[in-house]
Amino acid sequence: MGKLKSVILLFTLFVLTGCSLFAHTWIYKELPNDYAIQKKSDTKMIIGKYIDGTIEIEKDGKRIGFKEYVSEFQKGERYVGFKCVKSADEGINMLFYIIDTEEDDLYGPYSIESTYQAVKEKIVSEDLGEWIKTSTIE
């Protein structure tokens with residue numbers, strides 16, 4: 001029964017994120033201040049600062065990025081918000097992050113959207129616009 005549950009969870013992850021079994025990799029560099037999203041596989045992404053041809057998630061001992069599957073993101077001139085999908089034993093979990101790309105500050109993960117929204121209202125001084133699905137990036 002454990003394998004069947006794992007297969008169902010994996011299938012659900014693919015459906016929720018719009019992934020196919022034959023997805024390709026890409027790097028999205030259109031985030032502010034040299035931040036980028038790199039899709040490594042159907043279930044792995046790296047979000048961080050694009051430095052010398054690689055995406056760094058740590059700078060001078062400080063965490064500035066993360067590794068999660070990003071299903072959607074929103075961006076402004078300085079801040080970027082992320083909605084991530086994570087598979088768990090009990091099902092699919094959503095995680096939320098905010099990056100201040102000017103100060104290289106990472107906020108999150110937040111497991112509740114209302115917590116993410118409350119933090120966003122406190123620290124983000126700009127409109128981040130609509131959510132952009134990573135499944136639409138080629």
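The first residue of the sequence shown is numbered 1, and numbering continues consecutively from there.
- Counting only residues at least two apart or on different chains, the side-chain hydrogen bond (donor to acceptor under 3.5 Å, both in side chains) pairs with a member in residues 118-127 are Gln74-Lys120.
- Between atom CG of residue Leu128 and atom CZ of residue Phe82 there is a gap of 10.0 Å, rounded to the nearest 0.5 Å.
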* To do: Under the side-chain contact (heavy atoms from CB on, under 4.5 Å) rule, what do Ser135 and Glu72 come out as? Steps first, then yes or no, please.
  => CA-CA 8 Å; Ser135 61; Glu72 298 177 82; over 6 Å; no

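- A pairwise comparison of heavy atoms in Gly76 and Pro32 identifies O-CG, 3.5 Å as the closest pair.
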* To do: Would you check, one step at a time, whether the test side-chain contact (heavy atoms from CB on, under 4.5 Å) holds for Tyr69 with Lys86?
  => CA-CA 7 Å; Tyr69 188 89; Lys86 186 171 187 169; over 6 Å; no

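- Within the model, atoms CG of Leu31 and CD1 of Ile132 stand 8.5 Å from one another, a figure rounded to the nearest 0.5 Å.
- With contacts defined as side-chain heavy-atom distances shorter than 4.5 Å, the pair Tyr35/Val80 does not qualify.
- Remark: Ile64 CD1 to Asp100 CG distance equals 11.5 Å, nearest 0.5 Å.
- Nearest approach of Met45 to Lys39, heavy atoms of both residues: CG-CA, 3.9 Å.
- If you chain together hydrophobic residues whose side chains sit under 4.5 Å apart, Tyr50 and Tyr97 never meet in one group.
- Here the CD1 atom belonging to Ile137 is positioned 9.5 Å from the NE2 atom belonging to His24, to the nearest 0.5 angstrom.
- Distance check, rounded to the nearest 0.5 Å: CD1 of Ile46 to CZ of Phe66 gives 11.0 Å.
- The shortest heavy-atom contact between Thr25 and Ser41 is CG2-N, 4.4 Å.
- Evaluation of the side-chain hydrogen bond (donor to acceptor under 3.5 Å, both in side chains) test over residues 105-115, restricted to residues two or more places apart or in two chains, returns Lys62-Asp105.
- Two residues are said to be in side-chain contact when any heavy atoms from C-beta on lie closer than 4.5 Å; Phe96 and Cys84 fail this criterion.
- Here the side chains of Tyr79 and Thr101 are not in contact, with every heavy-atom distance at 4.5 Å or above.
- One distance of note links NZ of Lys75 with CD1 of Ile37; it measures 9.0 Å at 0.5 Å rounding.
- For the pair Tyr116 and Leu95, the minimum side-chain heavy-atom distance is 4.5 Å or more.
- Lys44 places no side-chain N or O within 3.5 Å of a backbone atom of Gln38 that could act as its donor or acceptor partner.
- Two residues are said to be in side-chain contact when any heavy atoms from C-beta on lie closer than 4.5 Å; Ile57 and Lys67 meet this criterion.
- You'll find the side chain of Glu68 stays beyond 4.5 Å of the side chain of Ile47, heavy atoms only.
- Under the 4.5 Å side-chain contact rule for hydrophobic residues, Ile55 and Ile99 do not share a cluster.
- Ile112 and Leu106 fall into different hydrophobic clusters, where Ile, Leu, Val, Met, Phe, Trp and Tyr are joined by side-chain heavy atoms under 4.5 Å apart, directly or via other members.
- Applying the 6.0 Å contact sphere to CD of Glu77 captures no more than 12 heavy atoms from other residues, nucleotides or ligands.
- Glu102 is listed as a side-chain neighbour of Asn33, based on a closest heavy-atom distance under 4.5 Å.
- Among pairs with a residue in residues 45-58, those fulfilling salt bridge (Lys or Arg N to Asp or Glu O under 4.0 Å) read Lys49-Asp104, at least two apart in sequence or across chains.
- For the pair Trp26/Thr134, a side-chain contact is recorded, criterion being any heavy-atom separation below 4.5 Å from C-beta on.
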